[in-house]
Amino acid sequence: MEKFTKLDGVAAPLPLINVDTDMIIPKQFLKTIARTGLGKSLFFEMRYDEQGNEIPDFVLNRPAYRNAKVIVAGDNFGCGSSREHAPWALLDFGIRCVISTSFADIFYNNCFKNGVLPIVVSPEILEKLMDDAERGANATLSIDLESQTIKGPDGGTVSFDIDPFRKHCLLNGLDDIGLTLEKADDIDAYEARQRADTPWLAAG
């Protein structure tokens, strides 16, 4: 998993509440188990019309936001089903951070497992960041995970809270497999002791 330390990027405003995982990546795209290639289908039903043409008014289709790295969203982002494809699609598009006042628990956890930083802020801070995001190409936010700060385009800085363990995992690029591999020496030592203590099992 790619480390998350600092992120400077355009923030796209998505002032919708209850954006569920089916809106993020519709069910017809869940057949793959690959984590790549889903970015083109992110927010599919909002980005494209029935003929497959881009809907110009959708935020990620606007020239200023095509390379957005951050989404500033309304309450309860990521609700609905538990599909892990949702953070996969965000990441494949290039979104590394989503800022909202609240997230659905499963989506929130899945983000951390896939290198996407979900940041919870107060309604007042969200309103300010949403206003910043409306600036188009000038809507650049600087997110520093180590210091837990967000700097807006006008230089103003706000702080955010994050669980220390999840912060450690993102800073070091550790998903579940990476965390297990950190204990590889202990696992090898345990297996060696087991073989020594039960030679009849090892022989079998």
Closest contact, heavy atoms only, [X] versus [Y]:
{"X": "A133", "Y": "A139", "answer": "O-CB, 3.4 Å"}
{"X": "R135", "Y": "P153", "answer": "NH1-CG, 3.7 Å"}
{"X": "Y65", "Y": "A11", "answer": "CE2-O, 3.2 Å"}
{"X": "P13", "Y": "M130", "answer": "CB-SD, 3.7 Å"}
{"X": "G78", "Y": "T21", "answer": "O-CG2, 3.6 Å"}
{"X": "D132", "Y": "G152", "answer": "OD2-CA, 4.1 Å"}

Please check if the number of heavy atoms outside [X] that lie under 6.0 Å from its [atom1] is greater than 12.
{"X": "D163", "atom1": "CG", "answer": "yes"}
{"X": "K69", "atom1": "NZ", "answer": "no"}
{"X": "D105", "atom1": "CG", "answer": "no"}
{"X": "D144", "atom1": "CG", "answer": "yes"}
{"X": "K151", "atom1": "NZ", "answer": "no"}
{"X": "E127", "atom1": "CD", "answer": "no"}

Could you go through N76 and S102, starting from their C-alpha distance and side-chain angles, then the distance that decides it, and tell me whether this counts as side-chain hydrogen bond (donor to acceptor under 3.5 Å, both in side chains)? CA-CA 5 Å; N76 197 30; S102 61; 4.9 Å; no

According to a hydrophobic-cluster definition based on side-chain heavy atoms being under 4.5 Å apart (Ile, Leu, Val, Met, Phe, Trp, Tyr only), do [X] and [Y] belong together?
{"X": "I95", "Y": "F58", "value": "yes"}
{"X": "V116", "Y": "I106", "value": "no"}
{"X": "L171", "Y": "F160", "value": "yes"}
{"X": "I17", "Y": "L14", "value": "no"}
{"X": "I125", "Y": "L7", "value": "yes"}

If you measure from [atom1] on [X] to [atom2] on [Y], what distance do you get to the nearest 0.5 Å?
{"X": "L90", "Y": "C111", "atom1": "CG", "atom2": "SG", "value": "6.5 Å"}
{"X": "E146", "Y": "K6", "atom1": "CD", "atom2": "NZ", "value": "9.0 Å"}
{"X": "F43", "Y": "F93", "atom1": "CZ", "atom2": "CZ", "value": "9.0 Å"}
{"X": "K113", "Y": "L174", "atom1": "NZ", "atom2": "CG", "value": "14.0 Å"}
{"X": "D20", "Y": "C79", "atom1": "CG", "atom2": "SG", "value": "5.0 Å"}
{"X": "L145", "Y": "F4", "atom1": "CG", "atom2": "CZ", "value": "6.0 Å"}

So, are E54 and R66 salt-bridged, with charged N and O less than 4.0 Å apart?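 Looking at R66 together with E54, the answer is yes, because their closest N to O distance falls below 4.0 Å.
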
So, are D154 and K128 salt-bridged, with charged N and O less than 4.0 Å apart? yes

Would you mind reporting whether [Y] and [X] have side-chain heavy atoms less than 4.5 Å apart?
{"X": "T101", "Y": "P123", "answer": "yes"}
{"X": "L141", "Y": "I99", "answer": "yes"}
{"X": "R83", "Y": "D22", "answer": "yes"}
{"X": "L170", "Y": "M1", "answer": "yes"}
{"X": "W88", "Y": "N110", "answer": "no"}
{"X": "F112", "Y": "P87", "answer": "no"}
{"X": "I150", "Y": "L129", "answer": "yes"}
{"X": "V98", "Y": "V72", "answer": "no"}

Could you check whether the rings of F103 and F107 sit parallel, tilted or perpendicular, using 30° and 60° as the cut-offs?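 The arrangement is parallel - the two ring planes meet at less than 30°.
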
So among L60, V59, L16, I55, which one has a side chain to side chain contact (heavy atoms under 4.5 Å, CB included) with M46? L16

Under 3.5 Å, side chain of R62 to main-chain N/O of D57, donor-acceptor pair present?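 Confirmed, R62 side chain pairs with D57 backbone.
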
Extract all donor-acceptor atom pairs below 3.5 Å that involve side chains of residues 23-38 and protein atoms in other chains or at least two apart in sequence.
residue	atom	partner	partner atom	Å
T32	OG1	A34	N	2.9
R35	NH1	N114	OD1	2.8

Test side-chain hydrogen bond (donor to acceptor under 3.5 Å, both in side chains) on S159 and T149 and set out the steps. CA-CA 4 Å; S159 300; T149 57; over 6 Å; no

